[in-house]
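This report refers to the structure that appears directly beneath it.
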Amino acid sequence: MLKVEDLSVFYGQIQALKSISFEVKQGEVVTLIGANGAGKSTVLKTISGLLRGRNGSSITFMGQDISRMEPHRIVERGLSHVPEGRRIFLQMSVLENLQMGAYTGAGDMEADIEQVFERFPRLRERQRQVAGTLSGGEQQMLAIGRALMSRPKLMMLDEPSMGLAPILIEQIFDIITELNAAGTTILLVEQNARMALSVAHRGYVLETGRVVLADTAQALLNSDAVKKAYLGG
Amino acid sequence: MIFISQLINGVHVGSIYALVALGYSMVYGIIKLINFAHGDIIMVASYAVWYGAVRMGLPTWAAILLSIVICPLLGMLIEKIAYKPLRGSARISLLITAIGVSFLLQNLARMIFTATPQSLPALIPGKLSVGPWTLSYTTLVTIAVAVVMMLCLNLLVSRTKMGKAMRAVSEDTEAAQLMGINVNHTISFTFAIGSGLAAVAAVLYCCSYPQVSPTMGSLLGLKAFVAAVLGGIGSIPGAMVGGFVIGIAESLTKGYIHSGLADALVFLILIVVLIVRPAGLMGVHRPEKV
């Protein structure tokens, strides 16, 4: 469904990604794990078109090359990105945030909003409220709800657990599993490797801009190297 | 009595400042650029009215329409040619470019129409008399048109899809792109609206001061810029409030202190705002993201 090949990305002189390749197949939950600065967020930003890969990099989504496409065209193709730090529109209401998510006009907006409210009842209660007044967990739910509004075939989530209480993290990961069961393919970037691997089918380990390990989630959970570096021994 | 009439004068000029200030604020909100060429859009709009009404002999309404059609196009064109190629580069480059565009427009006007000021016919003659009160139709029309424009803008920004997209881009451009918003279109649209409002302001200004010259936009533009900063640059309601406050303050200074001090007072307000409350009356202080 999504295929990344030889992706290299530079910030000025600094090379953030060194020719990485990976793949997400239809129906999967795939996770990219790695420490701070490994380049995880850079991968997602490049796939969504916010950053550009060097010549020779290739990103194909559903058989189409998207590596030179503008970000709004990529969203229209059914690839949505829940960015790191949620990035909801803090000065807009909850409802307006969801309407922005439906900007591409992929589905019936009213019905989709209703669906998001069913999944996240807290958002219905707070729909008229300015999003900046929501708690961290509610903001993450809004960010996911907003991304669902474009009816994505593939959803990329960047650190959805960041800054949340353990109970909320559980909830967010349950939601990810549910979304996947409902047919959305997921690409998940996480520092919380244990949680990420527990919901994923497959995983890739990123270290300073390179893929150093690729395996099924189960195998990665059991791998000594991963245990030592990311799961606390 | 003097107070009331000065106040009405203040609201009259203030509504023109407010319309111009909106353009500054909206453009700043969306690309973080102080568009110093914005004042010169007023000049172009005024020349368009003059050219239409005097040179081409069009009826007044047609000359006004011409001006209100040309300016949004010019605003979008300037953005495409001068600002868009610099997106992502240092803000100071963008600012200097804006000053360059301002000089370009002024000198083009000087080349085409010469530096000699041209006179316009009275666009809205007559005055309304109720008992001891007299009020020129120009004042009434100016305030009414400005208020209607502001109400429309409010509706646009709060209700329409494009308006909400403008707010989204101005709050977080990257996140807006991830929603599928075409940022280029949104920026063009913002320039069009801002320049359109400036054109309306120019027409209203010409009703009161029926003279056009290549540099007429400078001072008016600067004062409107002060109004935008006072209100909180980037804030739409702030620009409106700022415009009225500056207009009234200027008018009261003329009435009670000295008319020569009116301009100085406006810039004194700017200095005080920058020292005391840099975010402006209604602006939100947003620390720079690193």
Side-chain angles (χ1 to χ4, degrees), chain A residues 11-12 41 44-52 69-93 95-107 109 130-132 139 142-152 155-158, chain B residues 25-26 28-30 32 80 84-85 87-90 154-190 231-239 279-280 282-290:
Chain A
Y11 291 109
S41 297
L44 297 199
K45 282 185 171 184
T46 314
I47 295 171
S48 343
L50 296 175
L51 297 172
R52 292 284 176 223
M69 236 179 238
E70 285 190 86
H72 65 99
R73 296 265 174 243
I74 295 173
V75 184
E76 283 167 10
R77 298 200 181 271
L79 204 166
S80 81
H81 179 174
V82 183
E84 186 177 3
R86 335 194 208 291
R87 304 281 286 270
I88 55 173
F89 302 111
L90 297 172
Q91 294 171 36
M92 299 174 90
S93 72
L95 194 59
E96 284 173 330
N97 266 278
L98 294 176
Q99 290 166 347
M100 285 296 100
Y103 195 83
T104 55
M109 186 167 79
V130 172
Q139 290 191 7
L142 179 56
I144 295 175
R146 186 179 68 169
L148 282 172
M149 294 296 297
S150 65
R151 299 221 176 153
M155 188 188 262
M156 307 193 291
L157 296 108
D158 196 346
Chain B
S25 229
M26 286 163 68
Y28 183 85
I30 213 150
K32 304 290 173 277
K80 278 277 171 298
K84 191 177 171 216
R87 222 175 278 162
S89 56
N154 251 337
L155 280 181
L156 174 91
V157 168
S158 60
R159 298 285 162 80
T160 66
K161 193 173 170 183
M162 201 62 197
K164 288 179 192 176
M166 276 167 59
R167 282 157 61 205
V169 173
S170 109
E171 193 179 329
D172 187 335
T173 308
E174 254 187 18
Q177 285 178 291
L178 295 180
M179 299 300 105
I181 294 172
N182 184 334
V183 171
N184 288 333
H185 285 178
T186 313
I187 293 175
S188 286
F189 184 74
T190 306
I233 195 142
S235 155
I236 287 176
M282 306 177 89
V284 220
H285 177 66
R286 264 183 282 174
E288 298 259 324
K289 266 179 231 154
V290 189

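Proteins get letters first, then strands, A, B, ... in listed order; numbering begins at 1 in each.
A distance of 9.5 Å separates OG of B/Ser235 from CD of A/Gln91, quoted to the nearest 0.5 Å. Interatomic distance, B/Gln177 CD to A/His81 NE2, rounded to the nearest 0.5 Å: 11.5 Å. With rounding to the nearest 0.5 Å, the separation of CZ in A/Phe89 from CE in B/Met179 is 5.5 Å. Atom-to-atom distance recorded for A/Met100:CE and B/Glu171:CD is 11.5 Å, nearest 0.5 angstrom. Once rounded to the nearest 0.5 Å, the distance linking NE2 of B/His185 with NE2 of A/His72 reads 6.5 Å.
The two residues A/Tyr103 and B/Ala165 come nearest to each other via the heavy atoms CE1-CB, 3.7 Å.
With a 4.5 Å cut-off on non-hydrogen atoms, B/Ser158 touches chain A through its backbone but not through its side chain. In this structure, chain B has heavy atoms under 4.5 Å from both the backbone and the side chain of A/Thr104. Both the backbone and the side chain of A/Leu90 come within contact range of chain B, each with at least one heavy atom under 4.5 Å from a heavy atom of that chain.
Highest contact tally toward chain B, considering only A/Met149, A/Met92, A/Arg146, is held by A/Met92 [criterion: heavy-atom pairs under 4.5 Å].
B/Leu178 places a side-chain heavy atom less than 4.5 Å from the side chain of A/Leu50.
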